[in-house]
S.K.: 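To start, I am sharing the structure in question, which I have written as structure tokens.
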Amino acid sequence: MQLFGPLSVALPPTCGRARALFDMATKKKQRKTEDEKCEFKVEWTETFTLIQNLNGLRTCLICLEKLAHNKKSNLETHFTTKHVSFRTKYPLGDARKKAVEELQKSEEKLSSVFNY
């Protein structure tokens with residue numbers, strides 16, 4: 001690796017093999033979420049007010065936003081940042097369970113109207 005100037009900034013090597021090794025070491029691997037095999041868990045309905053629609057997308061029962069990724073951390077982030085008042089008004093337990101059931105009923109009515 002060559003050093004350049006008084007700041008000693010590292011520059012990539014210029015010869016073939018060293019350059020290839022440098023590129024391999026610095027290249028970020030992109031994760032493919034479809035390879036992770038994350039499946040929707042039924043308990044997320046009560047915990048994060050989410051259901052899985054007919055297309056396989058997670059749908060928030062409060063704002064009806066469709067969430068593409070099925071990772072628990074992403075779903076939790078959506079719920080905790082966008083629905084703070086719901087979370088405080090209905091803590092986990094019977095109150096939230098009843099609220100989620102009501103939201104599901106209203107979503108089912110909505111989806112049946114738009115499916116015809």
Side-chain angles (χ1 to χ4, degrees):
M1 191 163 303
Q2 300 169 342
L3 298 179
F4 180 73
L7 298 177
S8 299
V9 177
L11 294 176
T14 54
C15 69
R17 180 156 170 74
R19 177 67 185 191
L21 290 172
F22 179 82
D23 288 344
M24 285 175 38
T26 58
K27 206 179 273 189
K28 290 184 180 179
K29 292 184 179 182
Q30 292 185 355
R31 294 174 56 205
K32 295 180 181 178
T33 54
E34 61 269 5
D35 293 342
E36 292 180 2
K37 306 282 188 220
C38 292
E39 292 185 19
F40 184 79
K41 294 181 177 47
V42 179
E43 62 265 14
W44 292 347
T45 299
E46 186 179 331
T47 309
F48 306 126
T49 66
L50 294 165
I51 60 168
Q52 189 165 1
N53 68 10
L54 298 174
N55 298 331
L57 291 174
R58 277 61 54 208
T59 304
C60 178
L61 291 169
I62 300 170
C63 64
L64 300 178
E65 184 176 332
K66 291 171 182 40
L67 305 164
H69 296 291
N70 205 19
K71 289 174 58 181
K72 182 181 177 183
S73 59
N74 293 346
L75 305 176
E76 184 176 16
T77 300
H78 169 83
F79 181 72
T80 56
T81 57
K82 294 194 175 187
H83 306 301
V84 176
S85 60
F86 184 89
R87 196 173 103 199
T88 54
K89 187 175 180 179
Y90 302 105
L92 275 174
D94 290 337
R96 185 177 296 180
K97 192 172 194 169
K98 288 178 184 176
V100 168
E101 286 172 1
E102 290 298 316
L103 287 169
Q104 277 184 295
K105 287 177 188 175
S106 64
E107 196 279 331
E108 286 170 5
K109 287 179 187 175
L110 240 166
S111 64
S112 68
V113 168
F114 287 113
N115 285 338
Y116 291 113

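Fair warning: this is a prediction, and the values are worked out from it, not measured in the lab.
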S.K.: Atom NE2 of His78 and atom NE2 of His69: how far apart are they, to the nearest 0.5 Å?
M.R.: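 So the gap between those two atoms works out to 14.0 Å.
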
S.K.: If two hydrophobic side chains count as joined below 4.5 Å and joins carry through other members, does Leu57 share a cluster with Leu50?
M.R.: no

S.K.: Which distance, rounded to the nearest 0.5 Å, do you find between the CZ of Phe40 and the CD1 of Ile51?
M.R.: 7.5 Å

S.K.: What is the minimum heavy-atom distance between Ala68 and Arg58, and which atoms define it?
M.R.: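 For Ala68 versus Arg58, the nearest heavy atoms are O-NH2, 2.6 Å.
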
S.K.: Could you give me the CA-CA distance, side-chain angles and deciding distance for Gln104 and Val100, then say whether side-chain contact (heavy atoms from CB on, under 4.5 Å) is met?
M.R.: CA-CA 6 Å; Gln104 277 184 295; Val100 168; 4.1 Å; yes

S.K.: Once rounded to the nearest 0.5 Å, what's the spacing between atom CG of Leu61 and atom CD of Glu108?
M.R.: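 One gets 9.0 Å once the value is rounded to the nearest 0.5 Å.
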
S.K.: Do Arg87 and Arg96 make a side-chain contact, defined as non-hydrogen atoms from C-beta onward lying under 4.5 Å apart?
M.R.: yes

S.K.: Should the heavy atoms of other residues, nucleotides or ligands under 6.0 Å from NZ of Lys72 be counted, would the total exceed 12?
M.R.: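 At most 12 heavy atoms, drawn from other residues, nucleotides or ligands, come within 6.0 Å of this atom.
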
S.K.: Check whether any side-chain heavy atom of Cys60 sits under 4.5 Å from a side-chain heavy atom of Lys82, and report yes or no.
M.R.: no

S.K.: Would you call the rings of Trp44 and Phe48 parallel, tilted or perpendicular if under 30° counts as parallel and over 60° as perpendicular?
M.R.: tilted

S.K.: Give, for atom CD of Glu46 and atom CG of Asp94, the distance between the pair rounded to the nearest 0.5 Å.
M.R.: 8.5 Å

S.K.: Go through Thr47 and Phe79 one step at a time and tell me if the side-chain contact (heavy atoms from CB on, under 4.5 Å) criterion holds.
M.R.: CA-CA 9 Å; Thr47 309; Phe79 181 72; over 6 Å; no

S.K.: What distance do Glu43 atom CD and Leu92 atom CG have between them, rounded to the nearest 0.5 Å?
M.R.: 11.5 Å

S.K.: List the atom of Phe86, the atom of Ala99, and the distance in Å for their closest heavy-atom pair.
M.R.: CZ-CB, 3.9 Å

S.K.: Using atom types as modelled and distance alone, determine if a side-chain donor or acceptor of Asn53 lies under 3.5 Å from a backbone N or O of Asn55.
M.R.: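 Pair found, side chain donor or acceptor close to backbone of Asn55.
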
S.K.: CD of Glu76 to OG1 of Thr81: how many Å apart, nearest 0.5 Å?
M.R.: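 Taking CD in Glu76 and OG1 in Thr81, the distance rounds to 10.5 Å.
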
S.K.: Between the main-chain N or O of Lys66 and the side-chain N or O of Thr59, is there a donor-acceptor pair closer than 3.5 Å?
M.R.: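 Here the side-chain-to-backbone pair does not exist.
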
